[in-house]
Amino acid sequence: FRKVTQQHCGMKKARAVDFFTWAGSLSACNIPLGLALGEREGLLRVGDLVASYSGGSGITWSSAVIRWGT
């Protein structure tokens, strides 16, 4: 889903963190985990625009667009 969304939004070269293969869905922890991993792996720089989203059970979804480190 990330790749399709990324291409549709014209962000083909955007950096991304994928952890579903080893962690699965952690519900409310998906976005914080993705941000922590992105920071640890050096993918996030001060001033970066970060778009994140997460699916939950049923129709529960969340998303956020933030400016990192400001």
Side-chain angles (χ1 to χ4, degrees):
F1 188 64
R2 179 200 49 84
K3 288 180 183 179
V4 171
T5 303
Q6 197 171 331
Q7 289 176 351
H8 179 75
C9 293
M11 301 184 309
K12 295 177 184 172
K13 294 184 179 182
R15 297 177 302 269
V17 176
D18 287 319
F19 55 85
F20 187 80
T21 56
W22 59 268
S25 178
L26 300 173
S27 191
C29 296
N30 286 338
I31 291 176
L33 176 60
L35 292 172
L37 292 173
E39 183 175 46
R40 185 179 78 183
E41 295 175 12
L43 299 174
L44 296 173
R45 300 179 192 127
V46 173
D48 279 352
L49 190 60
V50 179
S52 61
Y53 62 90
S54 176
S57 59
I59 59 171
T60 304
W61 288 78
S62 62
S63 63
V65 177
I66 60 172
R67 181 77 55 188
W68 188 255
T70 59

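Numbers here simply count residues along the sequence, with the first being 1. Values reported hereafter were calculated over all heavy atoms of this structure, with side chains retained and with hydrogens, waters and symmetry mates removed.
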Counterpart residues, side chain to side chain donor-acceptor pair (under 3.5 Å), relative to Gln6 (two or more places apart):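 For Gln6, the residues satisfying side chain to side chain donor-acceptor pair (under 3.5 Å) (neighbours in sequence not counted) are Arg2.
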Other ILVMFWY residues reachable from Val4 by side-chain steps of under 4.5 Å: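 For Val4, no cluster forms, as it stays isolated from other hydrophobic side chains.
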Compile the donor-acceptor pairs under 3.5 Å between side chains in residues 30-46 and protein atoms, sequence neighbours left out, one pair per line.
from, atom 1, to, atom 2, distance (Å)
Asn30, OD1, Leu26, N, 2.8
Asn30, ND2, Ser25, OG, 3.3
Asn30, ND2, Ser27, O, 3.4
Asn30, ND2, Ser54, OG, 2.8

Side chain to side chain contact (heavy atoms under 4.5 Å, CB included) involving Val65 - partner list, sequence neighbours excluded: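 Expected list: Leu49, Ala51.
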Summary of ring-ring contact (aromatic ring centres under 6.0 Å, His included) pairs that have at least one residue in residues 32-54, sequence neighbours excluded: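 Qualifying pairs: Phe1-Tyr53.
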